[in-house]
Amino acid sequence: GAVVNLRKLQTYLIALKKGKNEAWQRLEVIIDRYKPKKKKIWFMYFINGYSIQDIAIMLPYDLRNLKRIIKSMREELITYLPYEELKDQEVIKEGEDDGTK
C-alpha cells in the first residue's frame with residue numbers, strides 16, 4: 001500500500017509541476033506584450049498582491065488611470081485563458097466593491 005501511495009504522490013507532483021510550468025508559459029505570453037512599466041504593475045497587482053492604492057503611491061500613476069489599466073489587464077487575462085482554468089476562480093461582478101475605490 002505504501003508503494004502505491006508513493007507512486008500516486010509522485011505522479012501527482014509531476015502533473016502539478018507540469019501544470020505550473022504550462023501556466024507560467026501562458027502568462028509569459030501575456031506579460032511579454034507589456035512595456036516594462038506595465039509589467040511592473042502586472043506583477044505588483046496580480047503576483048505580489050499590492051492594492052491599487054499602494055501601486056499608485058509607489059509608481060507615478062493617477063489612481064483613476066491605474067484602475068483602468070488593471071481592469072484592462074484583468075480582462076485580457078480572462079479572455080486569454082481557457083474557461084476551464086478560470087471556472088473555480090472568484091470573479092468580481094460589475095458594481096461589486098473590489099477594494100479599489
Side-chain angles (χ1 to χ4, degrees):
V3 172
V4 171
N5 287 338
L6 179 60
R7 289 187 192 250
K8 284 182 183 179
L9 179 59
Q10 288 171 336
T11 302
Y12 172 75
L13 291 175
I14 290 169
L16 187 62
K17 185 176 180 179
K18 181 181 176 194
K20 179 182 173 185
N21 290 339
E22 289 174 1
W24 273 112
Q25 288 172 351
R26 288 180 179 179
L27 286 174
E28 283 177 351
V29 169
I30 295 170
I31 296 167
D32 283 344
R33 296 181 358 199
Y34 297 121
K35 293 183 179 184
K37 198 167 189 179
K38 286 194 177 179
K39 281 183 186 183
K40 187 171 187 173
I41 292 170
W42 201 96
F43 277 102
M44 291 175 79
Y45 185 79
F46 291 104
I47 301 299
N48 296 324
Y50 285 101
S51 71
I52 293 176
Q53 290 84 0
D54 290 339
I55 297 170
I57 292 168
M58 290 185 264
L59 300 178
Y61 264 100
D62 173 66
L63 187 61
R64 191 175 296 175
N65 190 31
L66 189 57
K67 286 181 183 180
R68 184 187 55 76
I69 290 168
I70 289 176
K71 181 180 179 183
S72 173
M73 290 175 168
R74 184 182 296 133
E75 288 170 0
E76 288 174 0
L77 183 62
I78 289 171
T79 57
Y80 180 79
L81 294 176
Y83 171 75
E84 293 78 29
E85 294 181 22
L86 296 172
K87 66 182 177 185
D88 294 327
Q89 296 195 10
E90 181 180 334
V91 177
I92 298 171
K93 295 177 184 152
E94 192 66 35
E96 256 185 41
D97 183 10
D98 62 358
T100 60
K101 295 180 183 174

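Residues Ile55 and Ile57 are members of separate hydrophobic clusters, defined by side-chain heavy-atom contacts under 4.5 angstrom among Ile, Leu, Val, Met, Phe, Trp and Tyr. Criterion: ILVMFWY side-chain heavy atoms under 4.5 Å apart, direct or through other members. Under it, Phe46 and Val29 are part of a common hydrophobic cluster. Under the 4.5 Å side-chain heavy-atom criterion for ILVMFWY residues, no single connected hydrophobic cluster contains both Val3 and Ile14.
The line from OH of Tyr45 to NZ of Lys38 is 15.5 Å long, rounded to the nearest 0.5 Å. Between the CD atom in Glu76 and the CE atom in Met73 there is a gap of 7.5 Å [rounded to 0.5 Å].
The number of heavy atoms from other shown groups lying within 6.0 Å of OH (Tyr50) does not exceed 12. Other residues, nucleotides and ligands contribute more than 12 heavy atoms inside 6.0 Å of the NZ atom of Lys39.
Partner Leu9 forms a side-chain contact (heavy atoms from CB on, under 4.5 Å) with one of Thr11, Asn5, Leu13 and no other, that one being Leu13.
Between Ile41 and Tyr34, the closest side-chain pair of non-hydrogen atoms is not below 4.5 Å. Inter-residue side-chain proximity for Phe43 and Ile31 is flagged as met; some heavy-atom pair is nearer than 4.5 Å. Looking only at side-chain heavy atoms (C-beta outward), Lys17 and Asn21 come within less than 4.5 Å of each other.
Partners of Asn65 by side-chain hydrogen bond (donor to acceptor under 3.5 Å, both in side chains), not counting sequence neighbours, listed by chain and number: Arg68.
The heavy-atom pair separating Leu63 from Ala56 by the smallest distance is CD1-CB, 3.9 Å. Taking all atoms of both residues into account, the shortest heavy-atom contact from Met44 to Met58 is CE-CE, 3.5 Å. Scanning all heavy atoms of the two residues, the minimum distance from Trp42 to Leu27 falls at CH2-CD2, 3.7 Å.
Cluster partners of Leu6 are absent, since no Ile, Leu, Val, Met, Phe, Trp or Tyr has side-chain heavy atoms less than 4.5 Å from it.
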